[in-house]
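What follows is a short report on a single structure.
All values reported here derive from a predicted model rather than from experimental measurement.
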Amino acid sequence: WFSGFTKCHTMNLSKLDTSNTESMVGMFKSVKNVKDLSSLTLSNTIKDMSHAFLRCNSLTNLPDLSLATNVETMAYTFAYCKELTEMQDL
């Protein structure tokens with residue numbers, strides 16, 4: 001979806017509907033300059049979040065992950081998120 005948006009610095013995802021989304025594989029992969037994705041609302045339909053935030057080097061604020069209750073796969077979801085210092089319970 002947004003993979004490779006390397007020049008993007010801000011994203012307002014409050015109107016993005018994930019209610020029918022099962023796969024977030026690579027959705028924000030290499031979105032290197034965005035710090036805040038907390039406006040994204042996840043749903044309980046998501047099953048695969050592999051590589052979803054891979055190489056999001058500047059990311060400091062995540063969406064509320066507690067709503068994604070049916071995730072089965074999270075391989076490398078937060079790999080290389082160098083600025084991410086804390087995360088709520090998954």
Side-chain angles (χ1 to χ4, degrees):
W1 294 22
F2 305 100
S3 179
F5 279 33
T6 57
K7 295 185 180 189
C8 186
H9 290 269
T10 60
M11 295 179 116
N12 180 348
L13 302 168
S14 60
K15 296 189 186 223
L16 182 65
D17 182 5
T18 64
S19 63
N20 292 311
T21 303
E22 288 189 14
S23 175
M24 283 183 62
V25 173
M27 185 180 285
F28 297 98
K29 179 180 174 184
S30 297
V31 178
K32 297 180 180 187
N33 295 308
V34 173
K35 293 181 179 184
D36 189 349
L37 290 176
S38 62
S39 64
L40 175 64
T41 302
L42 301 179
S43 71
N44 65 356
T45 59
I46 298 167
K47 295 182 185 212
D48 193 346
M49 290 182 70
S50 299
H51 304 200
F53 305 103
L54 176 72
R55 291 191 190 98
C56 290
N57 300 349
S58 300
L59 187 61
T60 57
N61 294 315
L62 293 170
D64 182 0
L65 301 172
S66 68
L67 302 174
T69 56
N70 291 312
V71 175
E72 298 169 358
T73 308
M74 291 186 76
Y76 300 98
T77 300
F78 303 105
Y80 307 105
C81 292
K82 298 175 184 179
E83 298 298 318
L84 195 57
T85 58
E86 64 181 71
M87 186 180 307
Q88 78 245 15
D89 294 336
L90 298 176

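Taking Asn20 as the reference, nothing meets the side chain to side chain donor-acceptor pair (under 3.5 Å) condition, with sequence neighbours excluded. Taking Thr45 as the reference, Ser43 meet the side chain to side chain donor-acceptor pair (under 3.5 Å) condition, with sequence neighbours excluded. Not counting sequence neighbours, the partners of Ser19 by the side chain to side chain donor-acceptor pair (under 3.5 Å) test are Asp17. Residues that satisfy the side-chain contact (heavy atoms from CB on, under 4.5 Å) test with Asn70, not counting sequence neighbours, are Asn44. Applying the side chain to side chain donor-acceptor pair (under 3.5 Å) criterion to Thr85, with sequence neighbours excluded, gives no partner residue.
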Identify each donor-acceptor pair in which a side-chain atom of residues 27-36 lies under 3.5 Å from a protein atom, sequence neighbours left out, and give them as a table.
unit_1, atom_1, unit_2, atom_2, d
Asn33, ND2, Thr6, O, 2.5
Asp36, OD1, Ser38, N, 2.8
Asp36, OD1, Ser38, OG, 2.5
Asp36, OD2, Ser38, OG, 3.4

For residues 73-81, which side-chain donor-acceptor pairs fall under 3.5 Å, sequence neighbours excluded?
unit_1, atom_1, unit_2, atom_2, d
Thr77, OG1, Met49, O, 2.9
Thr77, OG1, Met74, O, 2.7

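Both Leu62 and Trp1 are members of a single hydrophobic cluster when ILVMFWY side chains are connected at heavy-atom separations under 4.5 Å. If you chain together hydrophobic residues whose side chains sit under 4.5 Å apart, Leu84 and Leu13 fall into the same group. Residues Phe5 and Leu54 fall into different hydrophobic clusters, defined by Ile, Leu, Val, Met, Phe, Trp and Tyr side chains chained together at heavy-atom separations under 4.5 Å. Side-chain heavy atoms closer than 4.5 Å link hydrophobic residues (I, L, V, M, F, W, Y) into clusters, and following such links, possibly through other members, connects Leu16 to Leu65.
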Check step by step if side chain to side chain contact (heavy atoms under 4.5 Å, CB included) holds for Met24 and Leu42.
CA-CA 10 Å; Met24 283 183 62; Leu42 301 179; 3.6 Å; yes
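Side chains of Leu37 and Phe2 form no contact here, defined as non-hydrogen atoms less than 4.5 Å apart.
In this structure, Asp48 and Ser50 approach most closely via the heavy-atom pair OD1-OG, 2.7 Å. Nearest heavy atoms, Thr10 versus Cys8: O-SG, 3.1 Å. Scanning all heavy atoms of the two residues, the minimum distance from Ser3 to Gly26 falls at CB-O, 3.4 Å.
Residues in residues 51-61 take part in no side chain to side chain donor-acceptor pair (under 3.5 Å) pair, two or more places apart or across chains.
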